[in-house]
Chemist: 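Next up is a structure, given as structure tokens.
Each ligand, and each atom within it, is numbered from 1 in the order the structure gives. Index from 1, following the sequence.
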Amino acid sequence: MESDSFSLDKDSPIGFMDSGLGGISVLREAVKLMPNEDYIYYGDSKNAPYGTKSQDEIRKLTFHAVEYLLDRGIKGLAVACNTATSAAVRLLREKYPNLPIVGIEPAIKPAVEHYKGGRILVLATPMTIKQEKFRNLLKSYANQADIVPISCGGLMEFVERGELEGPNLDDYLDATIGKYVIPSTESMVLGCTHYPFLKKEFKRYLKEKETELKGKEIELIDGSFGTVKELKRRLNEKELLTTSTQNGHVEFVNSSKDPEILKRCQMFLDLAE
Ligand code: DGL
């Protein structure tokens, strides 16, 4: 669909997309902030993970998801996937200049603002870390904090499988982030929308390291609230916020036909942090 061939209506739903179930961590913030809106969430679990694919593949898959949402008549778009944002958000904005679009990015800015001069771990997919957008973000804060990117290939799969805790996950964390968990570390940015569903496990894991950390608490930071606040601002700017006072509706669509995946969508939306 071309950018000028559709009109935006305040009664239309807001579209969300992610490579799978992760973007539901952003969607649940949107539902809290704008409960009267309707939402369509497109998860591309069949093609997940995006984070180990090439930039071209991610772009193709992202455009496919967004075109589906546009055909469904959305009035605004949240790219609820750090990987898709870094690979495709600029091109989406070029193609659809009239559509309010927000894309989540690793929340390095708020982490640096809180912990100037401190050590900040950034967990993200291999592709997010490789992208120029991320490199530029790092460069712009490099002299304000010690930022350590950690490539977490394989981590989103735990969430897709609904494995939010347990010994395998524990082993994964130990092998991937264990050596970075030292007392000078102030915070850990969850730079992939799947990771907030593992917050409980991260906290438990860090608590276990209490002695190594000398009692220090590492704060977990993610960009979902900032992203939905920006989405609301952009919709408001275009007078596209609903005037309904009824609770809105959330529809889940997924490229995977696995019934467990669809069940997990609602479960993840209802999951308290
Ligand atoms: N949820 C996605 C993100 O925020 C990506 C996970 C993946 O598909 O690798 O980066």
Side-chain angles (χ1 to χ4, degrees), residues 15-30 41-66 69 77-90 92 101-108 111 121-135 137-138 149-164 169 172 176 188-199 201-202 220-228 230-231 252-256 258 261 264-265 268-269 271:
F16 272 64
M17 72 77 54
D18 178 48
S19 62
L21 306 176
I24 300 172
S25 65
V26 189
L27 175 68
R28 70 180 171 186
E29 293 302 322
Y41 179 95
Y42 183 94
D44 197 6
S45 295
K46 190 178 98 183
N47 295 303
Y50 281 11
T52 48
K53 290 189 164 55
S54 71
Q55 175 169 277
D56 273 0
E57 275 176 291
I58 299 167
R59 283 184 177 161
K60 231 181 266 159
L61 293 167
T62 304
F63 267 87
H64 178 80
V66 171
L69 290 167
L77 171 71
V79 180
C81 174
N82 295 262
T83 311
T85 297
S86 53
V89 81
R90 185 179 52 81
L92 286 170
I101 300 177
V102 294
I104 193 162
E105 281 189 292
I108 293 177
L121 310 181
V122 185
L123 277 57
T125 68
M127 199 54 196
T128 297
I129 287 178
K130 261 190 242 154
Q131 290 284 324
E132 199 188 332
K133 202 170 181 357
F134 182 78
R135 294 276 140 206
L137 196 63
L138 278 195
I150 305 176
S151 178
C152 292
L155 187 52
M156 71 81 82
E157 285 89 333
F158 282 92
V159 178
E160 289 288 303
R161 287 196 296 273
E163 192 179 341
L164 306 185
L169 184 53
Y172 179 96
T176 318
M188 202 154 93
V189 172
L190 306 182
C192 164
T193 54
H194 281 72
Y195 305 163
F197 290 118
L198 302 172
K199 258 189 185 169
E201 176 66 18
F202 282 127
L220 303 177
I221 297 180
D222 74 78
S224 47
F225 183 67
T227 303
V228 298
E230 177 60 13
L231 176 63
F252 288 108
V253 178
N254 201 293
S255 57
S256 163
D258 180 351
I261 289 275
R264 243 167 252 147
C265 289
F268 280 6
L269 184 64
L271 213 63

Chemist: Using side-chain heavy atoms (C-beta onward) and a distance below 4.5 Å, is Leu198 in contact with Leu169?
Modeler: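 Of all side-chain heavy-atom pairs linking Leu169 with Leu198, at least one is under 4.5 Å.
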
Chemist: In the protein, what heavy atom is nearest to atom 9 (O) of ligand 1, and what distance, to one decimal place, separates them?
Modeler: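 Here the nearest protein heavy atom works out to Gly51 N, 2.8 Å.
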
Chemist: Answer yes or no: does atom NZ of Lys60 have more than 12 heavy-atom neighbours from other residues, nucleotides or ligands under 6.0 Å?
Modeler: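 Open.
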
Chemist: Just to confirm my output: which protein heavy-atom neighbour is closest to atom 10 (O) of ligand 1, and how far is it?
Modeler: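 Going atom by atom, the protein heavy atom closest to atom 10 (O) of ligand 1 ends up being Thr83 OG1, 2.6 Å.
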
Chemist: Specify the protein heavy atom at minimum distance from atom 6 (C) of ligand 1: its residue, its atom name, and the distance to 0.1 Å.
Modeler: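 Its nearest protein heavy-atom neighbour is Ser19 OG, 3.5 Å.
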
Chemist: With heavy-atom distances below 4.5 Å as the criterion, would you say the side chains of Asn82 and Thr125 are in contact?
Modeler: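 SC-SC contact between Asn82 and Thr125 ruled out.
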
Chemist: Could an N or O of ligand 1 be found under 3.5 Å from any N or O of Pro49, whether backbone or side chain?
Modeler: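 No, there is no polar N/O contact under 3.5 Å.
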
Chemist: Strictly under 4.0 Å, does any heavy atom of Ala48 approach an atom of ligand 1?
Modeler: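 So Ala48 does not count as touching ligand 1.
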
Chemist: If only atom types and distance count, is the side chain of Lys53 paired as donor or acceptor with the main-chain N or O of Leu61 below 3.5 Å?
Modeler: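 No, the answer is negative, given that no donor and acceptor are paired below the 3.5 Å cut-off.
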
Chemist: Say whether Thr128, considering both its backbone and side-chain N or O atoms, lies within less than 3.5 Å of an N or O atom on ligand 1.
Modeler: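 It does not: no N or O of Thr128 is found under 3.5 Å from an N or O of ligand 1.
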
Chemist: Between Thr125 and ligand 1, which residue portion shows a heavy-atom distance shorter than 4.0 Å: side chain, backbone, both, or neither?
Modeler: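 Near ligand 1, Thr125 shows its side chain, while the N, CA, C and O stay back.
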
Chemist: Could you list the atoms of ligand 1 found under 4.0 angstrom from a heavy atom of Cys192?
Modeler: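 Those of ligand 1 that fall under 4.0 Å from Cys192 are 1 (N), 2 (C), 3 (C), 4 (O), 5 (C), 6 (C), 10 (O).
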
Chemist: Are side-chain heavy atoms of Phe252 and Arg264 found at a separation under 4.5 Å?
Modeler: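 No, their side chains stay 4.5 Å or more apart.
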
Chemist: Heavy atoms only, cut-off 4.0 Å: how does Asp18 contact ligand 1, side chain, backbone, both, or neither?
Modeler: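 Side chain only; the backbone of Asp18 stays clear of ligand 1.
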
Chemist: Minimum heavy-atom separation for Ser25 to Thr193, with atom names?
Modeler: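 That closest heavy-atom pairing would be OG-O, 2.8 Å.
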
Chemist: With heavy-atom distances below 4.0 Å as the criterion, list the atoms of ligand 1 near Tyr50.
Modeler: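 Per the distance check, 7 (C), 8 (O), 9 (O).
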
Chemist: Check this for me - ligand 1, Thr52, N or O atoms closer than 3.5 angstrom, yes or no?
Modeler: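 It does not: no N or O of Thr52 is found under 3.5 Å from an N or O of ligand 1.
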
Chemist: Mark yes or no for whether Glu105, through its side chain, and Ser86, through its backbone, hold a donor-acceptor pair below 3.5 Å.
Modeler: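 It does not hold such a pair.
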
Chemist: Check each of Val122, Asp222, Leu123, Ile129 against Pro106 using the side chain to side chain contact (heavy atoms under 4.5 Å, CB included) test, and report the only one that passes.
Modeler: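 Among the candidates, only Val122 passes.
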
